[in-house]
*Asks:* 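Sharing a structure below in structure tokens format, with a few things to ask.
Each ligand, and each atom within it, is numbered from 1 in the order the structure gives.
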Amino acid sequence: MKTIIEPFRIKSVEPIRMTTVEEREQLIRAADYNVFSLKSEDVIIDLLTDSGTSAMSAGQWSMLMRGDESYAGSPSFYRFEEAVRELMPFKHIIPTHQGRAAEHILTAIVAGDSGHGKIIPNNTHFDTTRANFENAGITALDLVVEEGLDPAFEHPFKGNMDLQRLEQLLEKEADNIPLVELTITNNAGGGQPVSMENIRETKALCERYGKPLYIDSARFAENAYFIKRREPGYQDSSIPDIVREMYSYADGMTMSGKKDTFANMGGWLALNDDTWAEQARTHLIMTEGFPTYGGMSGRDMECLAAGLKEIVEEDYLHYRIRSIEYINEKLDALGVPVVKPAGGHAVFIDARAMLPHIPPLQYPGQALSVAMYVTGGIRAAEIGSFMFGRQPDGSEAPAGMDLVRLAMPRRVYTQSHGDYIVECLEEIYGRRDELKGLEITWEPPSLRHFTARLHPLGCALAA
Ligand SMILES: *Cc1c(COP(=O)(O)O)cnc(C)c1O
């Protein structure tokens, strides 16, 4: 049998409330053309994020009662710790309420009294990672390979670190670099993977300069699956073995349990260095909680432990990656410009290429995202000039790309939902010339995409 099916059946469902185009036109107007302001009940297919939106398994739900809520020394912690260590054999495992809390603690350690003058290179820093480092005065530098910046260029590992630029940086700035980081998969760069060879060579450079290598690990299992599929020499390796090899090159990791552990909340920091671990636990107690629960309840830790075993199952990963490729291929065949190859957790549409009549500062990505909502009730995030266009001095500049991200929650939607997404975009693509740009009528001083209000150009403002 060649057909790939969802490797699960459905035991509990959440009804979707169907709405009409007319209702959605009103709802998006009331939300000031910002999809973040919509109520999730008014959305038919929600592709805003794959974070915390996974469907937990019966095995995970059954762990809720097993959660031991003792303040100190809970068996749930030890089961969580063992499940992490099975894949990522670090000496110290420090539980946090989500990924950014682990990043915050790591930042406090490496910044010390002041982060000014320090530099942390990464293939591409994720928003919260960058915000944590920059808030402490540290310069967050992105050194992804050039191929990773070209949406249409096909390359198996577009998330790789540019080793030449990393070496030049280490040569010049060695004293100012507290650690080197790799984000797998490269979320901000389209969910593109990093090869084992690149992880190994990044580690070799780190060793030469005496720097620890940390892995920002939200989508480690998707990355391991891409290695198995695309990198010579790994076809016969098991996913857990690939994961263990990936982490054998790292000195520590931060993790968002809201992605590749099927949990709705949770995370951790793991590391080998005893001194840093001691400092991390001190920060943890101040900001999160006691070291055997950190920011999580016992039942959260049980769900993470169970989810970690499920996420490395090959049938799941095969379905996961294939279901995203499936949508990407269908859109590509229709002529809709998509980032290629498909990333591990999302389909990215190049809205600037699809809507060349809308200039970047009239937010083609936002125009497409609004059209997807009105046409099909689909919610997707703009990642472009609306999100990044505002400069620190208040002026506007186009972002490098104007993309719309269709992030797929794990185990939530079926193939017919995928077909519906494709049909919605086919319809919009057929009348793409009619889409209009938008203007911002109100914005906050920073992170405007979450709350800004917009209005379509060429339509009268409602009284
Ligand atoms: C989501 C994410 C984070 C932050 O994790 P949260 O759990 O959302 O705080 C950090 N890095 C990457 C790559 C992520 O995708």
*Asks:* For ligand 1, what is the set of protein residues having any non-hydrogen atom at a distance below 4.0 Å?
*Replies:* Gln98, Gly99, Arg100, Glu103, Phe126, Thr128, Thr183, Asn187, Asp216, Ala218, Arg219, Ser256, Lys258, Lys259
*Asks:* Determine, for Phe262 and Arg411, whether the Lys NZ or Arg CZ falls below 6.0 Å from the six-membered ring centre while staying within 45 degrees of the axis.
*Replies:*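 Yes; both conditions hold, so Arg411 lies above the ring face of Phe262.
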*Asks:* Tell me whether the guanidinium CZ or amine NZ of Lys203 lies under 6.0 angstrom from the six-membered ring centre of Tyr247 and within 45° of its axis.
*Replies:*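 No, cation not above the ring by the 6.0 Å, 45° rule.
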*Asks:* Glu103 and Thr128: side-chain donor and acceptor closer than 3.5 Å?
*Replies:*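 On atom types as modelled, these side chains qualify, holding a pair under 3.5 Å.
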*Asks:* Which label fits Tyr71 and Phe290: parallel for a plane angle under 30°, tilted from 30 to 60°, or perpendicular past 60°?
*Replies:* tilted
*Asks:* Quick one: which of Met286, Arg281, His283 gives a side chain to side chain contact (heavy atoms under 4.5 Å, CB included) with Ile105?
*Replies:* His283
*Asks:* Is it true that Lys340 and Asp332 have a side-chain N and a carboxylate O under 4.0 angstrom from each other?
*Replies:* yes
